[in-house]
Number of protein chains: 2
Amino acid sequence: MTLHSTNPEGRKPVIRCAACPIADRAVCSYSTTRELSLLEAIKSYRTYLPGEEIQSTGEAAAHVGSVVEGIVSLSRLMPDGRRQMVGLLFPGDFLGRATRDTAPYDAIAVGQVTLCQFDRRRFEKMLGDSPALNRRLLDMTLDELDAAREWMVLLGRKTAREKIASFIALTARRSRAPVSADGLHIALPLTREAMADYLGLTIETVSRQIGALKRDGLIILTDARHLVIPDLDALSAEAGDDVV
Amino acid sequence: MTLHSTNPEGRKPVIRCAACPIADRAVCSYSTTRELSLLEAIKSYRTYLPGEEIQSTGEAAAHVGSVVEGIVSLSRLMPDGRRQMVGLLFPGDFLGRATRDTAPYDAIAVGQVTLCQFDRRRFEKMLGDSPALNRRLLDMTLDELDAAREWMVLLGRKTAREKIASFIALTARRSRAPVSADGLHIALPLTREAMADYLGLTIETVSRQIGALKRDGLIILTDARHLVIPDLDALSAEAGDDVV
DNA sequence: CGGGGTTTTGAGAAACTTCAAATATTGTGG
DNA sequence: CCACAATATTTGAAGTTTCTCAAAACCCCG
């Protein structure tokens, strides 16, 4: 990609908003050119390495911002080490709570991540003055709430097999996967451990259920992180949802 | 779902906003007197009987509104009958998506419920003009998102015992329960079935775990829906969360 | 008092986890 | 480019938790 050089600080040159790859989906997508120029003045870019902690629970967060590239996981760590992922942020998604000074969850970079950051206080101030930002943030938060609830159904009521099938089908839908004669080719963005934390399972169960789907011909593994879905409808049928 | 006697009227005389019991928490709580009078013009009250369906999945929702009295559950029913609750609305909470025309979940009255309703289209229109409403709705939605995520941790990683302990502790905190010499007296607002749907368990497991907490002296049941908590800290310790 | 619904209890089965170890895979320095 | 260490994934066997099925007990209301 264009924004690739990793400098030690994780700082990046500022991309002009007009050329921003997430301009149509980000928190600023309802904003006028005039408002964009105000945001442009307070934004900065930063990159994080795979596995790097962007924010940790209880820590004061100086910044909020948009995911430009990569994936960020939000998770809660229980005192005894159990971890549950509670959110997965893709490019365009917004990270952080403008109106709260400590982060309620750990935000961890999955793969390399680039954020478009704003100073939290200054962003909060702008939010107070901008109906466009406010409204966009509301719409995004409502979408996140819907996703969280869908996820609750998965966590509370689905079997391990359904969880895995749901996750793979979701990944297939989210990444506009290349279709070839043998099916959809997709890459799994998460490690088995991260999948387990996402789905409320152990890594062993994740591995076994992926194996089972493979044996049943619903997926074909090329390697541990890449697979082919010959028939997405058949896979989706294993996910336990209503036929959409 | 149980059959219930019909609710012929369900209409209630309009309470003046100035005398509204949820004025400090509702979606209108940031609004000026002037804006309240606009809302007052388009609001209506309606009551629902215990178990009555307020909205069902996929159905067009004509209204949105605030819970004034009672509790509303939001849940998703899977095609084979499994049900997962995804939200529990208390007085002051807002029901419905202004910017979406079909409800994504079933909204069911738990006990008798009174709503302060607005025509969805008209409310949506006001939302476009009102920073106060917008901002309040954003704050409420962020709180709901936090609650949903907390709940995801419970669903994905907690044991049955921890789930029950969490639920009882939560209920105790939410209902300013009367304290007497023997402890906190609380009423469980949900049936065992509703608790099971909330916690991602079966009714039998709910019943057994309540029995276990009782045997361990962490709760004292007066009847199936009323109990005493001698030591809330001890109960909370069973919930598996960080010590707060 | 009867009947519907709710809650509890029991026994066995199933799903998932835990512990343990083997097998890939990846990154690194020589 | 290879060997090696570190990490990630798979597999196996046994154990635990939770579910399922079945039935009894309880409770509220008319």
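If you're wondering where the values come from, they're calculated on a predicted model, not measured in any experiment. Sequence lines set the chain letters: A, B, ... in the order given, protein chains first and strands last, and positions in each chain run from 1.
- Not counting sequence neighbours, A:Ser44 has no partner by the side-chain hydrogen bond (donor to acceptor under 3.5 Å, both in side chains) test.
- Side-chain N or O atoms of B:Trp151 include one that pairs as donor or acceptor with a backbone N or O of B:Tyr198 at under 3.5 Å.
- For residues 167-187 of chain B, the pairs satisfying side chain to side chain donor-acceptor pair (under 3.5 Å) are B:Ser180-B:Asp182, B:Ser180-B:His185, B:Asp182-B:His185, with sequence neighbours left out.
- One can place CE of A:Met195 at 15 Å from P of D:dA8, the figure rounded to the nearest angstrom.
- C:dT6 atom C1' lies 12 Å from atom CD1 of B:Ile210, rounded to whole Å.
- Applying the salt bridge (charged side-chain N to carboxylate O under 4.0 Å, His left out) criterion to A:Asp80, with sequence neighbours excluded, gives A:Arg82.
- Under the side-chain hydrogen bond (donor to acceptor under 3.5 Å, both in side chains) criterion, B:Asp216 pairs with B:Arg161, not counting sequence neighbours.
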(request) Scan nucleotides 17-30 of chain D nucleotide by nucleotide, 5' to 3', and note B when protein non-hydrogen atoms come under 4.0 Å of the base, S if they reach only the sugar-phosphate, - if neither. (result) -SSBB---------

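- Rounded to an integer number of Å, the gap from CZ of B:Arg82 to C1' of C:dA15 is 13 Å.
- Over its length, the helix from C:dC1-D:dG30 to C:dG30-D:dC1 turns its helix axis by 40°, as judged from the five terminal pairs at each end, rounded to 10°.
- By the side-chain hydrogen bond (donor to acceptor under 3.5 Å, both in side chains) test, B:Arg157 pairs with A:Asp197, sequence neighbours left out.
- Taking atom CG of residue A:Leu199 and atom P of nucleotide C:dA15, one finds them 18 Å apart after rounding to whole Å.
- One interatomic measurement links the two molecules: CD of A:Glu162 to C1' of C:dA15, which rounds to 12 Å at whole-angstrom precision.
- Listed by chain and residue number, nothing satisfies the side-chain hydrogen bond (donor to acceptor under 3.5 Å, both in side chains) test with B:Thr141 (two or more places apart in sequence, or in another chain).
- Salt-bridge annotation for A:Arg25 and A:Asp143: absent, with no side-chain N of the basic residue lying under 4.0 Å from a carboxylate O of the acidic one.
- Between A:Lys163 atom NZ and C:dA15 atom P there is a gap of 14 Å when expressed in whole angstrom units.
- By the salt bridge (charged side-chain N to carboxylate O under 4.0 Å, His left out) test, B:Asp231 pairs with no residue at all, sequence neighbours left out.
- Distance A:Arg192 CZ to D:dT11 P: 10 Å, rounded to the nearest Å.
- If you take CD1 of A:Ile203 and C1' of C:dC19, they are 12 Å apart, rounded to a whole angstrom.
- At a threshold of 4.0 angstrom between heavy atoms, the contacts of A:Thr191 are confined to the sugar-phosphate backbone, with no base atom among them.
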